[in-house]
Protein chains: 2
Amino acid sequence: MKKKYLTIYDDLVKKIQSDVWPASTLLPSENELTTEYDTSRETIRKALNLLAQNGYIHKIRGKGSVVLDINKFSFPVSGIVSFKELAQQMNQTSETIVEEISVIEDKAVTDKLQPSEQSQIWKVVRIREISGEKIILDKDFFNADYVPILSKETCQNSIYEYIENDLGLTIAYAEKEIVVEEPTQEDRECLDLEGHSNVVVIKSHVYLEDTSLFQYSESRHRPDKFRFVDFARRVKN
Amino acid sequence: MKKKYLTIYDDLVKKIQSDVWPASTLLPSENELTTEYDTSRETIRKALNLLAQNGYIHKIRGKGSVVLDINKFSFPVSGIVSFKELAQQMNQTSETIVEEISVIEDKAVTDKLQPSEQSQIWKVVRIREISGEKIILDKDFFNADYVPILSKETCQNSIYEYIENDLGLTIAYAEKEIVVEEPTQEDRECLDLEGHSNVVVIKSHVYLEDTSLFQYSESRHRPDKFRFVDFARRVKN
DNA sequence: CAGTGGTCTAGACCACAAC
DNA sequence: TTGTGGTCTAGACCACTGC
(Lines give C-alpha, C1' and ligand atoms only; values in the text may rest on other atoms or scores of the structure.)
Protein backbone atom coordinates (compact mmCIF):
# COMPACT_ATOMS: atom_id res chain seq x y z
CA MET A 1 0.00 0.00 0.00
CA LYS A 2 1.42 3.32 -1.10
CA LYS A 3 1.58 6.13 1.39
CA LYS A 4 -1.65 8.04 1.33
CA TYR A 5 -0.22 11.54 1.65
CA LEU A 6 2.16 10.89 -1.25
CA THR A 7 -0.56 9.69 -3.59
CA ILE A 8 -2.57 12.77 -2.69
CA TYR A 9 0.49 14.94 -3.30
CA ASP A 10 1.11 13.35 -6.69
CA ASP A 11 -2.52 13.77 -7.64
CA LEU A 12 -2.53 17.44 -6.66
CA VAL A 13 0.70 18.12 -8.56
CA LYS A 14 -0.78 16.54 -11.65
CA LYS A 15 -3.93 18.63 -11.34
CA ILE A 16 -1.99 21.85 -10.78
CA GLN A 17 0.19 21.15 -13.78
CA SER A 18 -2.85 20.55 -15.94
CA ASP A 19 -4.42 23.81 -14.78
CA VAL A 20 -7.32 22.34 -12.87
CA TRP A 21 -6.53 25.19 -10.49
CA PRO A 22 -4.74 27.94 -12.46
CA ALA A 23 -2.01 30.08 -10.91
CA SER A 24 -3.09 32.57 -8.24
CA THR A 25 -6.39 30.80 -7.59
CA LEU A 26 -7.17 28.93 -4.39
CA LEU A 27 -7.05 25.20 -3.84
CA PRO A 28 -10.09 23.62 -2.16
CA SER A 29 -9.88 24.09 1.61
CA GLU A 30 -8.27 21.43 3.77
CA ASN A 31 -11.67 20.35 5.04
CA GLU A 32 -13.01 19.94 1.51
CA LEU A 33 -9.96 17.93 0.51
CA THR A 34 -10.48 15.82 3.61
CA THR A 35 -13.84 14.62 2.37
CA GLU A 36 -12.73 14.53 -1.26
CA TYR A 37 -9.87 12.13 -0.52
CA ASP A 38 -11.70 10.46 2.36
CA THR A 39 -8.91 10.91 4.86
CA SER A 40 -7.99 12.90 7.95
CA ARG A 41 -7.00 16.52 7.94
CA GLU A 42 -3.42 15.89 9.10
CA THR A 43 -2.85 13.64 6.10
CA ILE A 44 -4.12 16.35 3.76
CA ARG A 45 -1.86 18.81 5.53
CA LYS A 46 1.16 16.58 4.97
CA ALA A 47 0.47 16.58 1.24
CA LEU A 48 -0.12 20.35 1.17
CA ASN A 49 3.08 21.04 3.12
CA LEU A 50 5.00 19.06 0.52
CA LEU A 51 3.40 21.15 -2.21
CA ALA A 52 4.40 24.32 -0.37
CA GLN A 53 7.96 23.08 0.17
CA ASN A 54 8.35 22.42 -3.53
CA GLY A 55 7.00 25.79 -4.58
CA TYR A 56 3.64 24.71 -5.97
CA ILE A 57 1.46 26.59 -3.49
CA HIS A 58 1.64 29.16 -0.75
CA LYS A 59 -0.57 28.73 2.29
CA ILE A 60 -2.19 31.77 3.86
CA ARG A 61 -3.86 31.49 7.23
CA GLY A 62 -7.49 32.51 7.12
CA LYS A 63 -7.61 32.43 3.33
CA GLY A 64 -6.41 29.22 1.78
CA SER A 65 -3.71 27.74 -0.42
CA VAL A 66 -2.75 29.86 -3.43
CA VAL A 67 -1.41 28.16 -6.53
CA LEU A 68 1.93 29.67 -7.66
CA ASP A 69 3.00 29.86 -11.26
CA ILE A 70 6.68 29.38 -10.68
CA ASN A 71 8.34 26.00 -10.94
CA LYS A 72 7.12 25.57 -14.49
CA PHE A 73 10.39 26.18 -16.26
CA SER A 74 12.81 25.50 -13.47
CA PHE A 75 14.54 22.17 -13.60
CA PRO A 76 16.07 21.30 -10.28
CA VAL A 77 19.80 20.95 -9.96
CA SER A 78 19.06 21.10 -6.28
CA GLY A 79 18.49 17.95 -4.32
CA ILE A 80 20.43 14.80 -5.10
CA VAL A 81 19.88 13.92 -8.72
CA SER A 82 22.04 11.90 -11.03
CA PHE A 83 23.08 13.22 -14.42
CA LYS A 84 20.97 10.61 -16.15
CA GLU A 85 17.87 11.68 -14.26
CA LEU A 86 18.62 15.32 -15.02
CA ALA A 87 19.17 14.72 -18.72
CA GLN A 88 15.90 12.82 -18.92
CA GLN A 89 14.03 15.63 -17.23
CA MET A 90 15.42 18.17 -19.67
CA ASN A 91 14.97 16.13 -22.82
CA GLN A 92 18.50 17.02 -23.86
CA THR A 93 20.57 14.93 -26.18
CA SER A 94 23.43 13.96 -23.96
CA GLU A 95 26.41 11.67 -24.05
CA THR A 96 28.71 10.33 -21.37
CA ILE A 97 32.38 9.67 -22.07
CA VAL A 98 34.12 7.55 -19.47
CA GLU A 99 37.61 9.03 -19.25
CA GLU A 100 39.06 7.02 -16.38
CA ILE A 101 38.19 4.25 -13.93
CA SER A 102 40.84 3.40 -11.40
CA VAL A 103 41.57 2.45 -7.84
CA ILE A 104 43.60 5.03 -6.01
CA GLU A 105 45.13 5.71 -2.65
CA ASP A 106 45.48 9.44 -2.83
CA LYS A 107 45.99 10.69 0.71
CA ALA A 108 43.85 13.81 0.38
CA VAL A 109 40.88 11.87 -0.94
CA THR A 110 41.43 8.92 1.34
CA ASP A 111 41.22 11.16 4.36
CA LYS A 112 37.85 12.43 3.29
CA LEU A 113 36.26 9.09 2.60
CA GLN A 114 38.01 7.24 5.43
CA PRO A 115 37.65 3.69 4.18
CA SER A 116 38.61 0.78 6.39
CA GLU A 117 42.36 0.34 6.53
CA GLN A 118 42.93 -2.32 3.94
CA SER A 119 40.40 -1.06 1.43
CA GLN A 120 40.54 1.31 -1.45
CA ILE A 121 38.81 4.05 -3.34
CA TRP A 122 37.33 4.09 -6.80
CA LYS A 123 38.05 7.08 -8.96
CA VAL A 124 35.79 7.71 -11.93
CA VAL A 125 36.22 10.58 -14.37
CA ARG A 126 33.47 11.23 -16.87
CA ILE A 127 32.82 13.90 -19.46
CA ARG A 128 29.25 14.98 -20.14
CA GLU A 129 28.47 16.11 -23.62
CA ILE A 130 25.33 18.13 -24.20
CA SER A 131 24.25 18.96 -27.73
CA GLY A 132 27.69 17.93 -28.93
CA GLU A 133 29.66 20.14 -26.54
CA LYS A 134 31.78 18.86 -23.67
CA ILE A 135 30.21 20.87 -20.84
CA ILE A 136 30.70 19.00 -17.58
CA LEU A 137 33.61 17.11 -16.06
CA ASP A 138 32.47 14.74 -13.31
CA LYS A 139 35.08 13.39 -10.93
CA ASP A 140 33.69 10.82 -8.51
CA PHE A 141 35.35 9.00 -5.65
CA PHE A 142 33.63 5.98 -4.11
CA ASN A 143 34.53 4.15 -0.95
CA ALA A 144 35.19 0.60 -2.17
CA ASP A 145 33.85 -0.78 1.12
CA TYR A 146 30.40 -0.07 -0.28
CA VAL A 147 30.98 -0.30 -4.03
CA PRO A 148 33.18 -3.38 -4.62
CA ILE A 149 32.91 -3.54 -8.40
CA LEU A 150 32.55 -0.84 -11.01
CA SER A 151 32.35 -1.67 -14.69
CA LYS A 152 32.71 0.69 -17.59
CA GLU A 153 29.14 -0.08 -18.62
CA THR A 154 27.90 0.95 -15.21
CA CYS A 155 29.78 4.26 -15.39
CA GLN A 156 28.47 4.81 -18.89
CA ASN A 157 24.90 4.32 -17.80
CA SER A 158 24.21 5.42 -14.23
CA ILE A 159 26.25 4.64 -11.16
CA TYR A 160 23.38 5.69 -8.92
CA GLU A 161 21.02 3.24 -10.58
CA TYR A 162 23.60 0.48 -10.01
CA ILE A 163 24.13 1.45 -6.38
CA GLU A 164 20.46 1.72 -5.52
CA ASN A 165 19.01 -1.11 -7.59
CA ASP A 166 21.79 -3.70 -7.82
CA LEU A 167 23.77 -3.12 -4.65
CA GLY A 168 20.65 -2.34 -2.64
CA LEU A 169 22.20 0.68 -0.95
CA THR A 170 20.09 3.70 -0.09
CA ILE A 171 21.44 7.16 -0.71
CA ALA A 172 20.13 9.38 2.04
CA TYR A 173 21.51 12.90 2.00
CA ALA A 174 24.32 15.10 0.79
CA GLU A 175 26.25 18.22 1.64
CA LYS A 176 26.81 20.38 -1.38
CA GLU A 177 29.03 23.35 -1.97
CA ILE A 178 29.11 25.53 -5.06
CA VAL A 179 32.23 27.55 -5.79
CA VAL A 180 33.95 29.06 -8.81
CA GLU A 181 37.50 28.07 -9.63
CA GLU A 182 40.09 28.58 -12.30
CA PRO A 183 40.21 25.67 -14.74
CA THR A 184 42.83 23.05 -14.07
CA GLN A 185 44.95 21.58 -16.82
CA GLU A 186 42.57 18.60 -16.79
CA ASP A 187 39.55 20.89 -17.23
CA ARG A 188 41.20 22.52 -20.23
CA GLU A 189 41.99 19.17 -21.79
CA CYS A 190 38.62 17.53 -21.24
CA LEU A 191 36.13 20.33 -21.73
CA ASP A 192 35.24 22.65 -24.59
CA LEU A 193 36.00 25.71 -22.50
CA GLU A 194 36.03 28.14 -25.43
CA GLY A 195 38.16 30.69 -23.65
CA HIS A 196 36.18 30.75 -20.41
CA SER A 197 38.57 31.39 -17.55
CA ASN A 198 36.38 29.91 -14.79
CA VAL A 199 34.56 26.70 -14.02
CA VAL A 200 31.68 26.29 -11.59
CA VAL A 201 32.38 23.40 -9.24
CA ILE A 202 29.74 21.53 -7.26
CA LYS A 203 31.46 19.59 -4.49
CA SER A 204 29.33 16.94 -2.84
CA HIS A 205 29.68 14.64 0.11
CA VAL A 206 27.10 11.91 -0.24
CA TYR A 207 25.94 9.76 2.65
CA LEU A 208 24.09 6.47 2.94
CA GLU A 209 21.09 5.58 5.08
CA ASP A 210 23.37 4.61 7.99
CA THR A 211 25.08 8.05 7.83
CA SER A 212 28.30 6.64 6.41
CA LEU A 213 30.09 8.81 3.86
CA PHE A 214 30.47 6.76 0.70
CA GLN A 215 31.08 9.27 -2.09
CA TYR A 216 32.89 12.51 -2.68
CA SER A 217 32.48 14.15 -6.04
CA GLU A 218 33.28 17.27 -8.01
CA SER A 219 31.06 18.27 -10.89
CA ARG A 220 32.92 20.88 -12.91
CA HIS A 221 30.75 22.95 -15.25
CA ARG A 222 31.50 25.41 -18.01
CA PRO A 223 30.25 28.65 -16.46
CA ASP A 224 27.99 29.81 -19.28
CA LYS A 225 26.02 26.57 -19.14
CA PHE A 226 25.60 26.48 -15.39
CA ARG A 227 22.29 27.33 -13.77
CA PHE A 228 21.00 26.64 -10.29
CA VAL A 229 17.41 27.27 -9.27
CA ASP A 230 16.13 27.39 -5.75
CA PHE A 231 12.87 28.03 -3.97
CA ALA A 232 13.28 29.50 -0.51
CA ARG A 233 11.04 30.67 2.26
CA ARG A 234 11.76 33.41 4.73
CA VAL A 235 12.62 32.18 8.19
CA LYS A 236 12.09 34.56 11.05
CA ASN A 237 14.76 34.78 13.73
CA MET B 1 2.69 31.75 24.11
CA LYS B 2 5.49 30.61 21.84
CA LYS B 3 4.97 27.62 19.63
CA LYS B 4 5.89 24.51 21.54
CA TYR B 5 7.59 22.65 18.71
CA LEU B 6 9.79 25.66 17.96
CA THR B 7 10.95 26.05 21.55
CA ILE B 8 11.77 22.35 21.59
CA TYR B 9 13.62 22.73 18.28
CA ASP B 10 15.63 25.68 19.60
CA ASP B 11 16.47 23.80 22.77
CA LEU B 12 17.65 20.74 20.87
CA VAL B 13 19.77 22.84 18.50
CA LYS B 14 21.41 24.52 21.48
CA LYS B 15 22.12 21.17 23.09
CA ILE B 16 23.52 19.68 19.88
CA GLN B 17 25.76 22.67 19.36
CA SER B 18 27.06 22.38 22.91
CA ASP B 19 27.80 18.69 22.45
CA VAL B 20 25.22 17.33 24.88
CA TRP B 21 24.85 14.68 22.16
CA PRO B 22 28.08 14.52 20.14
CA ALA B 23 28.11 13.79 16.43
CA SER B 24 27.17 10.25 15.36
CA THR B 25 25.47 9.46 18.68
CA LEU B 26 21.74 8.98 19.05
CA LEU B 27 19.26 11.50 20.36
CA PRO B 28 16.83 10.25 23.02
CA SER B 29 13.94 8.42 21.37
CA GLU B 30 10.76 10.24 20.45
CA ASN B 31 8.95 8.62 23.35
CA GLU B 32 11.59 9.70 25.83
CA LEU B 33 11.49 13.25 24.47
CA THR B 34 7.71 13.14 24.77
CA THR B 35 7.93 12.71 28.53
CA GLU B 36 10.99 14.97 28.86
CA TYR B 37 9.20 17.91 27.25
CA ASP B 38 5.79 16.87 28.54
CA THR B 39 4.09 16.97 25.15
CA SER B 40 2.65 14.70 22.49
CA ARG B 41 4.70 12.65 20.11
CA GLU B 42 3.56 14.54 17.00
CA THR B 43 4.86 17.77 18.49
CA ILE B 44 8.23 16.15 19.17
CA ARG B 45 8.22 14.85 15.63
CA LYS B 46 7.63 18.35 14.26
CA ALA B 47 10.71 19.57 16.09
CA LEU B 48 12.78 16.58 14.96
CA ASN B 49 11.71 16.98 11.35
CA LEU B 50 12.89 20.57 11.47
CA LEU B 51 16.24 19.38 12.80
CA ALA B 52 16.48 16.85 9.98
CA GLN B 53 15.54 19.44 7.37
CA ASN B 54 18.31 21.72 8.56
CA GLY B 55 20.94 19.03 8.58
CA TYR B 56 21.34 18.59 12.32
CA ILE B 57 20.17 14.98 12.52
CA HIS B 58 19.30 12.03 10.34
CA LYS B 59 16.40 9.82 11.35
CA ILE B 60 16.64 6.07 10.88
CA ARG B 61 13.57 3.90 11.28
CA GLY B 62 14.06 1.25 13.91
CA LYS B 63 17.19 2.89 15.30
CA GLY B 64 16.76 6.51 16.22
CA SER B 65 17.96 10.01 15.33
CA VAL B 66 21.69 10.31 14.63
CA VAL B 67 23.42 13.61 15.27
CA LEU B 68 25.36 14.82 12.21
CA ASP B 69 28.54 16.84 12.40
CA ILE B 70 27.96 18.91 9.31
CA ASN B 71 26.41 22.33 9.49
CA LYS B 72 29.06 23.47 11.95
CA PHE B 73 31.10 25.60 9.59
CA SER B 74 28.55 26.20 6.88
CA PHE B 75 26.99 29.61 6.89
CA PRO B 76 23.81 29.65 4.89
CA VAL B 77 23.61 31.74 1.75
CA SER B 78 20.55 29.69 1.09
CA GLY B 79 17.15 30.81 2.24
CA ILE B 80 16.16 34.45 2.25
CA VAL B 81 18.70 36.34 4.30
CA SER B 82 19.64 39.98 4.15
CA PHE B 83 23.24 41.06 3.80
CA LYS B 84 23.19 42.57 7.29
CA GLU B 85 22.01 39.27 8.82
CA LEU B 86 24.67 37.39 6.86
CA ALA B 87 27.48 39.73 7.88
CA GLN B 88 26.45 39.42 11.52
CA GLN B 89 26.46 35.62 11.32
CA MET B 90 29.94 35.58 9.86
CA ASN B 91 31.46 38.21 12.15
CA GLN B 92 32.95 39.91 9.14
CA THR B 93 33.93 43.56 9.04
CA SER B 94 31.69 44.85 6.33
CA GLU B 95 30.68 48.14 4.85
CA THR B 96 27.83 49.19 2.61
CA ILE B 97 28.24 51.96 0.07
CA VAL B 98 25.00 53.30 -1.35
CA GLU B 99 25.78 54.04 -4.96
CA GLU B 100 22.37 55.05 -6.26
CA ILE B 101 18.78 55.51 -5.15
CA SER B 102 16.32 56.49 -7.82
CA VAL B 103 12.86 56.03 -9.20
CA ILE B 104 12.82 54.48 -12.63
CA GLU B 105 10.43 53.36 -15.30
CA ASP B 106 12.62 50.93 -17.18
CA LYS B 107 10.34 48.82 -19.28
CA ALA B 108 12.17 45.54 -18.75
CA VAL B 109 12.10 45.88 -14.99
CA THR B 110 8.63 47.36 -14.90
CA ASP B 111 7.26 44.33 -16.69
CA LYS B 112 8.67 42.02 -14.08
CA LEU B 113 7.38 43.87 -11.06
CA GLN B 114 4.11 44.92 -12.67
CA PRO B 115 3.22 47.82 -10.39
CA SER B 116 -0.15 49.50 -10.62
CA GLU B 117 -0.36 51.81 -13.62
CA GLN B 118 0.45 55.15 -12.09
CA SER B 119 3.11 53.95 -9.71
CA GLN B 120 6.82 53.52 -9.93
CA ILE B 121 9.81 51.43 -9.05
CA TRP B 122 12.67 52.10 -6.68
CA LYS B 123 16.12 51.26 -7.89
CA VAL B 124 18.85 50.85 -5.29
CA VAL B 125 22.46 50.07 -6.10
CA ARG B 126 24.78 49.18 -3.25
CA ILE B 127 28.36 48.02 -3.02
CA ARG B 128 29.30 45.59 -0.25
CA GLU B 129 32.82 45.87 1.05
CA ILE B 130 34.23 42.95 3.00
CA SER B 131 37.60 43.31 4.71
CA GLY B 132 38.24 46.42 2.66
CA GLU B 133 37.50 44.87 -0.73
CA LYS B 134 34.52 45.68 -2.91
CA ILE B 135 33.15 42.19 -3.40
CA ILE B 136 29.43 42.39 -4.08
CA LEU B 137 27.27 44.68 -6.18
CA ASP B 138 23.63 44.57 -5.11
CA LYS B 139 21.03 45.94 -7.49
CA ASP B 140 17.54 45.99 -6.00
CA PHE B 141 14.24 46.98 -7.54
CA PHE B 142 11.24 47.54 -5.30
CA ASN B 143 7.65 48.00 -6.29
CA ALA B 144 6.78 51.45 -4.91
CA ASP B 145 3.22 50.31 -4.27
CA TYR B 146 4.58 48.52 -1.22
CA VAL B 147 7.63 50.62 -0.37
CA PRO B 148 6.57 54.27 -0.67
CA ILE B 149 9.65 55.88 0.86
CA LEU B 150 13.31 54.85 0.84
CA SER B 151 15.93 56.94 2.58
CA LYS B 152 19.68 56.68 2.20
CA GLU B 153 19.93 55.74 5.87
CA THR B 154 17.56 52.82 5.35
CA CYS B 155 19.58 51.55 2.40
CA GLN B 156 22.76 51.96 4.39
CA ASN B 157 21.39 49.90 7.25
CA SER B 158 18.94 47.21 6.16
CA ILE B 159 16.04 47.56 3.79
CA TYR B 160 14.58 44.27 5.00
CA GLU B 161 14.53 45.47 8.60
CA TYR B 162 12.70 48.60 7.45
CA ILE B 163 10.21 46.64 5.37
CA GLU B 164 9.43 44.08 8.04
CA ASN B 165 9.57 46.23 11.17
CA ASP B 166 8.52 49.70 10.06
CA LEU B 167 6.27 48.99 7.09
CA GLY B 168 4.84 45.85 8.71
CA LEU B 169 5.12 43.79 5.54
CA THR B 170 5.93 40.09 5.71
CA ILE B 171 8.39 38.61 3.29
CA ALA B 172 7.22 35.11 2.49
CA TYR B 173 9.22 33.34 -0.17
CA ALA B 174 11.57 33.79 -3.10
CA GLU B 175 12.65 32.22 -6.34
CA LYS B 176 16.39 32.28 -6.74
CA GLU B 177 18.60 31.60 -9.70
CA ILE B 178 22.37 31.41 -9.70
CA VAL B 179 24.24 31.97 -12.96
CA VAL B 180 27.68 33.09 -14.05
CA GLU B 181 28.00 36.10 -16.33
CA GLU B 182 30.64 38.30 -17.86
CA PRO B 183 31.13 41.49 -15.89
CA THR B 184 29.28 44.52 -17.17
CA GLN B 185 30.89 47.92 -17.41
CA GLU B 186 29.15 48.76 -14.13
CA ASP B 187 30.60 45.67 -12.44
CA ARG B 188 34.08 46.69 -13.54
CA GLU B 189 33.63 50.20 -12.23
CA CYS B 190 32.08 49.33 -8.88
CA LEU B 191 33.90 46.16 -7.84
CA ASP B 192 37.51 45.24 -7.15
CA LEU B 193 37.44 42.53 -9.80
CA GLU B 194 41.22 42.09 -9.92
CA GLY B 195 41.23 40.65 -13.39
CA HIS B 196 38.41 38.12 -12.84
CA SER B 197 36.49 37.70 -16.05
CA ASN B 198 33.27 36.39 -14.51
CA VAL B 199 30.80 37.39 -11.84
CA VAL B 200 28.39 35.08 -10.04
CA VAL B 201 24.89 36.52 -10.15
CA ILE B 202 22.09 35.59 -7.78
CA LYS B 203 18.80 36.74 -9.29
CA SER B 204 15.88 36.77 -6.90
CA HIS B 205 12.18 37.34 -7.16
CA VAL B 206 10.88 38.07 -3.69
CA TYR B 207 7.22 37.73 -2.74
CA LEU B 208 5.09 38.98 0.14
CA GLU B 209 2.69 37.06 2.33
CA ASP B 210 -0.17 37.75 -0.11
CA THR B 211 1.90 36.27 -2.98
CA SER B 212 2.50 39.66 -4.61
CA LEU B 213 5.90 40.16 -6.20
CA PHE B 214 7.47 43.20 -4.57
CA GLN B 215 11.19 42.93 -5.26
CA TYR B 216 13.54 41.83 -7.99
CA SER B 217 17.22 41.88 -7.25
CA GLU B 218 20.59 40.90 -8.64
CA SER B 219 23.44 40.23 -6.27
CA ARG B 220 26.65 40.22 -8.28
CA HIS B 221 29.60 38.53 -6.61
CA ARG B 222 33.29 38.39 -7.37
CA PRO B 223 33.69 34.69 -8.25
CA ASP B 224 36.56 33.86 -5.91
CA LYS B 225 34.59 35.07 -2.91
CA PHE B 226 31.39 33.27 -3.76
CA ARG B 227 30.31 30.16 -1.88
CA PHE B 228 26.95 28.45 -1.66
CA VAL B 229 26.27 25.63 0.77
CA ASP B 230 23.31 23.32 0.61
CA PHE B 231 21.99 20.33 2.48
CA ALA B 232 19.90 18.00 0.36
CA ARG B 233 18.08 14.73 0.83
CA ARG B 234 17.56 12.08 -1.78
CA VAL B 235 14.05 11.92 -3.16
CA LYS B 236 12.96 8.69 -4.71
CA ASN B 237 10.97 8.86 -7.93
C1' DC C 1 -19.89 35.85 12.23
C1' DA C 2 -18.34 31.55 9.56
C1' DG C 3 -14.48 29.62 7.27
C1' DT C 4 -9.63 29.26 6.76
C1' DG C 5 -5.08 27.32 8.04
C1' DG C 6 -1.79 26.44 12.49
C1' DT C 7 -0.98 23.92 16.64
C1' DC C 8 -1.58 20.16 19.77
C1' DT C 9 -3.34 15.86 21.71
C1' DA C 10 -3.89 10.66 22.67
C1' DG C 11 -4.15 6.86 20.57
C1' DA C 12 -3.66 3.25 16.90
C1' DC C 13 -1.20 0.31 13.66
C1' DC C 14 2.78 -0.44 10.77
C1' DA C 15 7.82 -1.44 9.06
C1' DC C 16 12.11 -1.97 10.57
C1' DA C 17 16.43 -2.86 13.66
C1' DA C 18 18.55 -5.12 17.36
C1' DC C 19 18.93 -8.66 20.47
C1' DT D 1 10.20 -9.79 21.39
C1' DT D 2 11.05 -5.03 22.37
C1' DG D 3 11.91 -0.52 20.96
C1' DT D 4 12.46 2.57 17.23
C1' DG D 5 10.62 5.91 13.82
C1' DG D 6 6.58 6.42 9.94
C1' DT D 7 1.77 6.86 8.97
C1' DC D 8 -2.93 7.84 10.00
C1' DT D 9 -6.99 9.13 12.69
C1' DA D 10 -10.69 12.15 15.07
C1' DG D 11 -11.02 15.60 17.64
C1' DA D 12 -9.90 20.07 20.06
C1' DC D 13 -8.66 24.95 20.37
C1' DC D 14 -6.44 28.95 18.37
C1' DA D 15 -5.33 33.09 15.11
C1' DC D 16 -6.47 35.09 11.22
C1' DT D 17 -9.47 36.61 6.99
C1' DG D 18 -13.52 38.25 5.00
C1' DC D 19 -18.07 39.50 5.21
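Just so we're on the same page: letters track the sequence lines, and every chain starts at 1.
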(request) Mind jotting down which residue pairs meet the salt bridge (Lys or Arg N to Asp or Glu O under 4.0 Å) criterion with at least one end in residues 46-55 of chain A? Sequence neighbours excluded, please. (result) none
(request) Check whether the side chain of B:E42 and the base of D:dC8 form a donor-acceptor pair under 3.5 Å. (result) yes
(request) Return the value, rounded to whole Å, for the distance between atom CG of B:L33 and atom C1' of D:dT4. (result) 12 Å
(request) Would you mind reading off the distance between B:L50 atom CG and C:dT7 atom P, rounded to a whole angstrom? (result) 10 Å
(request) Could you pull out all residues at least two apart from A:R41 that satisfy side chain to side chain contact (heavy atoms under 4.5 Å, CB included)? (result) A:E30, A:N31, A:T34, A:R45
(message) For A:K15, is there an ion pair with A:D11 - N to carboxylate O distance below 4.0 angstrom?
(response) yes
(message) From C-beta outward on A:K3, which listed nucleotide comes closest to its side chain: C:dT9, D:dC8, D:dT9?
(response) D:dC8
(message) Output the rounded distance in Å from CD1 (A:I44) to P (D:dT7).
(response) 15 Å
Can you give me the N/O atom pairs linking the protein to nucleotides 2-5 of chain C at distances under 3.5 Å, or say none if there are none?
from	atom 1	to	atom 2	distance (Å)
C:dG3	N2	A:G62	O	3.3
C:dT4	OP1	A:S29	OG	3.2
C:dT4	O2	A:G62	N	3.3
C:dG5	OP2	A:E30	N	2.7
C:dG5	N7	A:R41	NH2	3.4

(request) Tell me, please, which residues at least two apart from A:T96 pass side-chain hydrogen bond (donor to acceptor under 3.5 Å, both in side chains). (result) A:R128
(request) Report the distance from atom NZ of A:K46 to atom P of C:dG6, rounded to the nearest whole Å. (result) 16 Å
(request) Not counting sequence neighbours, which residues clear side-chain hydrogen bond (donor to acceptor under 3.5 Å, both in side chains) with B:E177? List them please. (result) A:R227
(message) If the condition is side chain to side chain contact (heavy atoms under 4.5 Å, CB included), which residues does A:S24 pass it with, not counting sequence neighbours?
(response) none
